[in-house]
Amino acid sequence: MAAENNQTEEKTKGPDFIRQIINEDLAQGKNDGKVHTRFPPEPNGYLHIGHGKSICLNFGIAEDYKGVCNLRFDDTNPTKEDQEYVDSIIEDVRWLGFDPEIFYASDYFDQFYAWALELIDAGKAYVDSQSADEIRQSRGTPTKPGVDSPYRTRSVEENRDLFTRMTAGEFEEGSCILRAKIDMAHQNMNMRDPAIYRIRKESHHRTGDKWSIYPMYDFAHGFEDAIEGITHSICTLEFENHRPLYDWFLNNVSAPCHPRQIEFARLNLSYTVMSKRKLLELVTEGLVAGWDDPRMPTLSGFRRRGYTPASIRRFAREIGVSKVNSLVDISFLQFIIREELNENADRAMAVLDPLKVTITNYPEGQIEELEAENNPGNPEAGCRMVPFGREIYIERDDFMEEPPRKFFRLAPGKEVRLKHAYFITCDEVIKDNNGNVTELLCSYDPATKGGDSPDGRKVKGTLHWVSAEKAVEAEVRLYDNLFSLENMDDMEEGKDYKDYLNPESLVIRKAMVEPSLVDAPAGKSFQFLRQGYFCADTGDHSSAHPVFNRTVALKDSWAKMQKKNK
RNA sequence: UUGGACGUCGGCAAGCGGUAAGCCACCGGGUUUUGAUCCCGGCAUUCGCAGGUUCGAAUCCUGCCGUCCAAGCCA
C-alpha cells in the first residue's frame, strides 16, 4: 500500500537532455531506430571518475535503448600512449560492470589514409611546408582573420607526391603537415585549415613502425565513429567548437554514415584535480603511491579505497548530465558509499588509538567469548564471537579526565557500556611522569553481561573496545582529501596545484583490532564500530600483516558539535 | 560589436506557457547497546538583471551582466 502510494506520488525525473535528443531522433525515424554509442579514451593514463561518468552515460544509454556501446581506444598519437594504459582501462571498464567489444582507432589507419587521399584529389587538402611557428603566426587570433599559406595553392599532383613521400618517411618531423583547405578567415579557429596528418617517427604501441605519419583527432574521430556505425557521439563541452569540423570531414569524404556529436559538461569534484597531466605528475613524482593510491580520483584509486562499482554507477546517475560547468561536492560521493556500506558491511571493533583499561574485579587470566551481531540492520548477516578479558583497550578519545558538558563517554566515576559486553565504571586514572594518562582502572558489573542491566539503569555512552590479550595489531591508513582547496580552479595567482597538497591526506595508525579481522580477505569492507568503513587493502594486507584503508568515516555529530562550540 | 556555450536553493538537478520535483548539505524533534543507522518535520512567493508579449512567463521576445571554451603539428 505504502509502496503504491510512493509510486504514484513520486515524480519521476525526466530524461536528461541527451536522451531527449535521442528520443527526438528516434521519433524522426533516424538511424533505423538504432542507438549506438562509444567510450573513446586515449590510452595515455588511467581512467578517473570523470571517465566513470562518461562510461556510465554511454553504456547506460546503450542499455536503455537496447543498443550497443563500444570501448574504443583513440590511439592516434604514439608519443603519449602505452599498452599499460590500455590494459588498465579495460580492467576499469569491466570493474564498473560493463563488458564491451573493444576497438582501436589504429586499426583504421589505412581507411583514414584513403580518405586523406580523397580530400587531396578533391582539392580540399594540401601539404603545407611552413614551420609550426609560421603556421601559428598565420592562423590569426579569435578577433583577427588568418592568412593563407603560400603552399595553399599547390596542385593536386604535387600534394599527392608530397603526401606520399611524407608517408614513406622522407621528411623530418615538423617539416610539413597535411592540412584541410577550408577558410583561413573563419570565425571558428578550428576551421582555419586544420592539420590532418603530422609526421611522427615514433613506434606506435600497436602498429609499430609501419607509419611515420599519424592522423589528428579532429580528422580521425568522426571517421572512427562512422566506421563503427556510431549514431550518437557523446563528448565533453570543450569539443563544442570542434563540431563544425567533425561535420565537415564527414561531409567531404565518402563516409558510411554521419554520427551526431553531442557535448556535455565534464565532472569536477571538490578537493581534487581531474586532469590526466596532473594525475600523471603526481604518480611520476612520487607524490602518491601510484595510479591506484586510495587518495587518487582514479577508478583504480577508488577501488582500492573501498568504493564499489555500484556506488560509482549510482553517483554518476544521481549527479545527472547537463551542459553547466559544475563542481560536485566530494561529500556527495561519500554519502553514497556510506549508505551502501551501512547496508552491506559487517561490523567489527578496532581501536585506532589504544588506551589500556584494566577491569580490577574481573578474574585474572579469564577470557570469555561474547556474541556480537554483524549488522544490526540485517539479522541475516549473523553473529560472531568476540573475546573479552581483564585487560582491554578503548579509544583514547573516549576518555576525558575533565569532561565537558554532554560528554557521554568515560570519565572518572562515570559508567559506560562496552558494546556487546558489560557496564564499566572508571575508578582510577594512572599517569606517567609527564602527566599523560597511561591506563585506567575500572570495575565491571557482572550482571550487565551482553550490555543490558537487569535493574533497568541506563547509561549514556557505549564504547567499542578490544581484548588486550587477544587483539591483533594492524596498520590502519586514514585517508583524507588529496588537496586542501575546495575548488582547484580557484588557485591563487602564481601558485601551483601541488602547493595545495593536503599534508594529512594519509595518516598511518598502529591499531588494535579484534582477532576475527586477520582472516579478512583483501578487498573486503567492514564498518569499524563508531569509526567508519574500512577495507582490507588489496595490495599489502595479509593475516601476518593486516592493513586496512579507511574508505570513509562515519558521520560524527559529536565532533561537529565540538567544532561549532569552539 | 570575434565566435560558440551556459546561468533555477549552500552543492547537484527537474522543469519545455498554467502558477518552483527530487537528492545531498543544513536546522529542529523521536527511536537506538554505534553521538552511526532509522523515523518525523522544516528548508527558493521565486528562477543572473532590466524591460516587453500574454488572462497567465523560470519557460516566448529584446537589451544588459556574469562564467566557461577557442590562437597544439594534444585528445
Side-chain angles (χ1 to χ4, degrees), chain A residues 10-14 16 20 40-42 44 74-77 79-80 128 130-132 135-137 139-146 173-179 186-190 192 194-200 213-214 216-218 220-221 235-244 263 265 270 276-277 318-329 331-336 338-339 342-343 347 349 372-373 375-377 406-409 417-421 423 448 450-452 459-464 486 489 527-532 553-561:
Chain A
E10 204 173 287
K11 288 200 182 177
T12 47
K13 190 160 158 176
D16 59 64
Q20 286 179 32
E42 182 187 19
N44 64 346
D74 205 356
D75 53 352
T76 57
N77 182 358
T79 61
K80 301 191 297 177
D128 194 338
Q130 293 183 105
S131 69
I135 288 178
R136 192 181 324 118
Q137 302 282 340
R139 185 155 19 234
T141 71
T143 49
K144 254 191 304 183
E173 278 188 25
S175 61
C176 55
I177 57 168
L178 185 68
R179 287 230 256 175
H186 201 107
Q187 290 155 324
N188 184 331
M189 306 246 339
N190 292 129
R192 320 242 262 228
I196 293 178
Y197 268 100
R198 77 291 216 180
I199 299 168
R200 281 281 175 283
I213 58 169
Y214 290 90
M216 299 289 291
Y217 167 86
D218 286 309
H221 203 86
C235 61
T236 44
L237 246 31
E238 66 269 28
F239 291 104
E240 221 157 14
N241 294 332
H242 294 243
R243 192 176 349 122
E263 311 85 12
S270 61
K276 275 195 199 172
R277 192 207 104 220
E318 298 208 6
I319 56 174
V321 194
S322 74
K323 300 189 72 161
V324 187
N325 277 307
S326 60
L327 179 70
V328 177
D329 198 324
S331 65
F332 188 55
L333 223 199
Q334 293 169 344
F335 154 77
I336 285 172
R338 249 190 225 116
E339 198 164 81
N342 176 52
E343 215 171 299
R347 314 287 112 137
M349 293 198 285
E373 63 192 348
N375 189 332
K406 292 200 169 177
F407 185 79
F408 301 152
R409 287 110 100 141
R417 170 169 39 234
L418 295 177
K419 181 81 176 174
H420 308 304
F423 285 12
T448 56
D452 273 316
V459 97
K460 272 296 191 110
T462 301
L463 311 186
H464 59 100
E486 179 170 13
D489 286 337
Q527 185 199 95
F528 287 179
L529 238 49
R530 303 207 304 135
Q531 289 287 170
L554 248 31
K555 277 215 266 180
D556 188 346
S557 55
W558 168 245
K560 203 162 88 183
M561 202 166 98

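Throughout, protein chains are lettered first and strands after them, A, B, ... in sequence-line order, and every chain is numbered starting at 1.
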* Compare side-chain N and O positions of A:R139 against OP1 and OP2 of B:C73 and report whether any pair is under 4.0 Å apart. => yes
* Structure fact -> Using Watson-Crick geometry (N1-N3 plus N6-O4 or O6-N4) or G-U wobble (N1-O2, O6-N3), each under 3.5 Å, B:C38 is paired with B:G30
* Structure fact -> If pairing means Watson-Crick or G-U wobble with both distances under 3.5 Å, then the partner of B:C43 is none
* Asked: With a 4.5 Å limit on heavy-atom distance, are the side chains of A:P40 and A:H221 in contact?
  -> yes
* **N/O (side chain, A:T462) to phosphate O (OP1/OP2, B:U32) under 4.0 Å** => no
* State the pairing partner of B:G56; accept Watson-Crick or G-U wobble contacts with both distances under 3.5 Å, and report none otherwise. => none
* Structure fact -> Taking for A:H242 and for A:N375 the nucleotide of RNA chain B with the nearest heavy atom, the one nearer the 5' end belongs to A:N375
* Which part of the nucleic acid, if any, lies within reach of A:H464 when heavy atoms closer than 4.0 Å are counted: base, sugar-phosphate only, or nothing? -> nothing
* Which whole-number value in Å describes the distance from A:K460 NZ to B:U32 P? -> 12 Å
* Asked: OP1 or OP2 of B:U37 less than 4.0 angstrom from a side-chain nitrogen or oxygen of A:K555, does that happen here?
  -> yes
* **Sugar-phosphate only, base, or nothing, as touched by A:I177 at under 4.0 Å among non-hydrogen atoms** => base
* Using the aromatic ring of A:W558 (for Trp, its six-membered ring), decide whether it stacks on the base of B:G35 within the limits of 5.5 Å and 30°. => yes
* **Check: A:N375 side chain, A:E343 main-chain N or O, donor-acceptor pair, under 3.5 Å** => yes
* Asked: Does OP1 or OP2 of B:A75 have a side-chain N or O of A:T76 closer than 4.0 Å?
  -> yes
* Side-chain contact test, heavy atoms from C-beta onward, threshold under 4.5 Å: evaluate it for A:Y217 versus A:E42 and give yes or no. => no
* Asked: What nucleic acid atoms does A:F408 come within less than 4.0 Å of, heavy atoms only: base, sugar-phosphate, or nothing?
  -> base
* A:Y197 or A:S331, whichever maps to the more 5' nucleotide of RNA chain B -> A:S331
* Where A:T76 and A:Y214 come nearest, the two heavy atoms and their spacing -> O-CB, 3.4 Å
* Anti or syn - B:G72, cut at 90° from 0 -> syn
* Which whole-number value in Å describes the distance from A:E373 CD to B:U34 P? -> 9 Å
* Answer yes or no: side-chain N or O of A:E343 and base N or O of B:U37 forming a donor-acceptor pair under 3.5 Å. => no
* Is there a donor and acceptor pair, one atom on the side chain of A:R243 and one on the base of B:G4, closer than 3.5 Å? -> no
* Asked: Counting only N and O atoms by type, is there a donor-acceptor contact under 3.5 Å from the side chain of A:R338 to the main-chain atoms of A:A553?
  -> yes
* To do: Select base, sugar-phosphate, or nothing to describe what A:Q531 touches, counting heavy atoms under 4.0 Å on all strands.
  => nothing
* Selection from B:G35, B:U34, B:A71 that lies nearest to any side-chain heavy atom of A:M561 -> B:G35
* State the pairing partner of B:A20; accept Watson-Crick or G-U wobble contacts with both distances under 3.5 Å, and report none otherwise. => none
* Give a yes or no answer on whether the side chain of A:R139 reaches the backbone of A:P194 with a donor-acceptor pair at less than 3.5 Å. => no
* **Presence of A:R347 side-chain N/O under 4.0 Å of B:A36 phosphate oxygens OP1/OP2** => no
* Asked: Would a distance-only check, ignoring hydrogens and angles, find a side-chain to backbone donor-acceptor pair under 3.5 Å from A:D16 to A:G320?
  -> no
* N/O donor-acceptor pair, side chain A:N241 with base B:C69, under 3.5 angstrom -> yes
* To do: Would you please confirm or rule out a distance under 4.0 Å between OP1 or OP2 of B:A36 and any side-chain N or O of A:R338?
  => no
* Asked: Does A:K560 have a side-chain nitrogen or oxygen under 4.0 Å from the phosphate oxygens OP1 or OP2 of B:A25?
  -> no
* Across all strands, who's sitting opposite B:G66 as a Watson-Crick or G-U wobble pair, both distances under 3.5 Å? -> B:C6
* To do: Taking only the side-chain nitrogens and oxygens of A:K276, find out if one of them lies under 4.0 Å from OP1 or OP2 of B:C74.
  => no
* Asked: Looking across every strand, which nucleic acid part, if any, lies under 4.0 Å from A:G174 by heavy atom: base, sugar-phosphate, or nothing?
  -> base
* Asked: So, is A:Q187 near the phosphate of B:C69, with a side-chain N or O under 4.0 Å from OP1 or OP2?
  -> no
* Would you mind classifying the nucleic acid contact of A:S270 as base, sugar-phosphate or nothing, using non-hydrogen atoms under 4.0 angstrom? => nothing
* Tell me what A:H221 touches on the nucleic acid: a base, only sugar-phosphate, or nothing, going by heavy atoms under 4.0 Å. => nothing
